[in-house]
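Numbered from 1 within each chain, the chains take letters A, B, ... in sequence-line order.
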Number of protein chains: 2
Amino acid sequence: MSLKFGILGLLSKWNATGYEIKKEFDDYMSIFWHSHLSQIYPELNKLEKEGLIEGKTITQIGKPDKKVYEINEAGADQLREWLLAKQDEPKIKDPFLMQVFFMDNISADDVIFQLKSYRKEREKRLLKLQQIMRDSWESIKEREAMSSRVVMATAVLKKGIDEEINYIKWCDETIELVEAFKDVWDDDLQATKKMDFATFEEQLIQYGALKALGE
Amino acid sequence: MSLKFGILGLLSKWNATGYEIKKEFDDYMSIFWHSHLSQIYPELNKLEKEGLIEGKTITQIGKPDKKVYEINEAGADQLREWLLAKQDEPKIKDPFLMQVFFMDNISADDVIFQLKSYRKEREKRLLKLQQIMRDSWESIKEREAMSSRVVMATAVLKKGIDEEINYIKWCDETIELVEAFKDVWDDDLQATKKMDFATFEEQLIQYGALKALGE
DNA sequence: GCTGACATGTAACCCGTTACATGATTCC
DNA sequence: GGAATCATGTAACGGGTTACATGTCAGC
């Protein structure tokens, strides 16, 4: 149900074609949503039929024709209504964290390898978002653009960047944690007595497991 | 594709019925996945047909019959194979952040109201996860349970708690930011000259927009 | 000659959600 | 008497992904 408002919202900022909307979903808006062209085009047609947006076909030379959409008053009304409504909480689907949860089934070395690979992916994404922030900041300064629009976009971008920084930090801490248990990973710790419970507890406290309780 | 491995992974920890799997998805596993009973039951039947798990019907008195599933070697093999594979990055769908991105379309007071309401939701969830952490930690200490399983479960739980703490912190910072621009929210700032660009810039720097660039 | 950007779509399929269906027991 | 818990499922619908289809131009 939110793709609709993702499109309406974007068209409240500027007029755009389906192709341009997709690019925005892949860049800036990737922090909170993602979509495919094969979903965007039918949705645009649906919104036009519903009378919330209006499209104009523009003939180009050397390039295919394009259809530039514009939001109308009915669309803007529905958008504002949606903006005041309570949203569902995000439905998280994080296959990597699911993997981590079950990683006691593989060796400590494999766990560390997986954590390090994933950390790299996150780092890449962080750099991408930081580049977007740098570019958008530069354009704001050039135009001395002051508006609530700039404020909210910056807030969302910061949220995205913070999230990446935190994910990377968690990867580093967790790699360290697993490394501390490397030698005893596959053993039944209680039977072999290679480590006592006090040491085990101390490691997890240092990791911050209890600090997270805020006590 | 990951629901399959969510179920296999859970059955690698202990035997369970569909109903019990659902409860685990709602509690601990809610940090990285969520699912409905109407999806879990057919999936369990599918996995049994594929020969990865085995179910035994148990007749109960005073309660309906239940079917307890157990993972077999073929299932454990597929799980380990999946654990070593590279996962897709999480496909984020966060309707609230989408709202925030478009909130220049509503008044500053409405924005602050929305941010405060959402903050409350996140706080509720934080308390829930902290309770899970407290309970699980208590049970670990009681049994002096030391294992890689405990380590990985703790790591994932900490990730979930950290995420909530960061989301709440971001809400607080953003509320403060919007409050700073409250008086000029609906105005065209450049035209009215109610605020100069240096002040505008200073506010965003204080918010941490540039700190996030790591420069 | 190949890849990638530009540009718009359809069709098949898979996954996920909501609603429906059933029925006993326990607690308020 | 009503709500919640235990327990398993089917059916309809809606949303999302992958594959297919088409064609030009620019740059390597």
Distance, rounded to the nearest Å, where [X] contributes [atom1] and [N] contributes [atom2]:
X	N	atom1	atom2	result
Leu37(A)	dT18(D)	CG	C1'	13 Å
Glu20(B)	dA7(D)	CD	C1'	10 Å
Lys66(A)	dT22(D)	NZ	C1'	20 Å
Leu3(A)	dT17(D)	CG	C1'	13 Å
Gln60(B)	dT5(D)	CD	P	17 Å

Next on the checklist: Classify Lys4(B) by what it touches in the nucleic acid, base, sugar-phosphate, or nothing, heavy-atom distance under 4.0 Å.
Outcome noted: nothing
Next on the checklist: At 4.0 Å (heavy atoms only), tell me whether Lys22(A) reaches a base, stays on the sugar-phosphate, or touches nothing.
Outcome noted: nothing
Checklist entry - Less than 4.5 Å apart, any side-chain heavy atom of Asp88(B) and any of Lys91(B)? => result yes
Next on the checklist: I want to check something: taking the side chain as every heavy atom from C-beta on, are Leu83(B) and Phe102(A) in contact at a cut-off of under 4.5 Å?
Outcome noted: yes
Checklist entry - Relative to Phe32(A), does Lys93(B) satisfy both conditions: NZ or CZ under 6.0 angstrom from the six-membered ring centre, and within 45 degrees of the ring's axis? => result no
Checklist entry - Is the cationic atom of Lys67(B) (NZ for Lys, CZ for Arg) positioned less than 6.0 Å from the six-membered ring centroid of Tyr41(B) and within 45 degrees of its normal? => result no
Checklist entry - Hey, does the side chain of His36(A) come within less than 4.0 Å of dG16(D)'s phosphate (OP1/OP2), counting only N and O? => result no
Next on the checklist: For Glu73(A), is there an ion pair with Arg80(A) - N to carboxylate O distance below 4.0 angstrom?
Outcome noted: yes
Checklist entry - Would you call Lys169(A) and Glu173(A) a salt bridge, taking side-chain N to carboxylate O under 4.0 Å as the test? => result yes
Checklist entry - Just the endpoints, please: which first and last nucleotides of DNA chain C, 5' to 3', lie under 4.0 Å from a heavy atom of chain B? => result dC15(C) to dT25(C)
Next on the checklist: Can you tell me whether the side chain of Ser38(A) and the base of dT18(D) have a donor-acceptor pair closer than 3.5 Å?
Outcome noted: yes
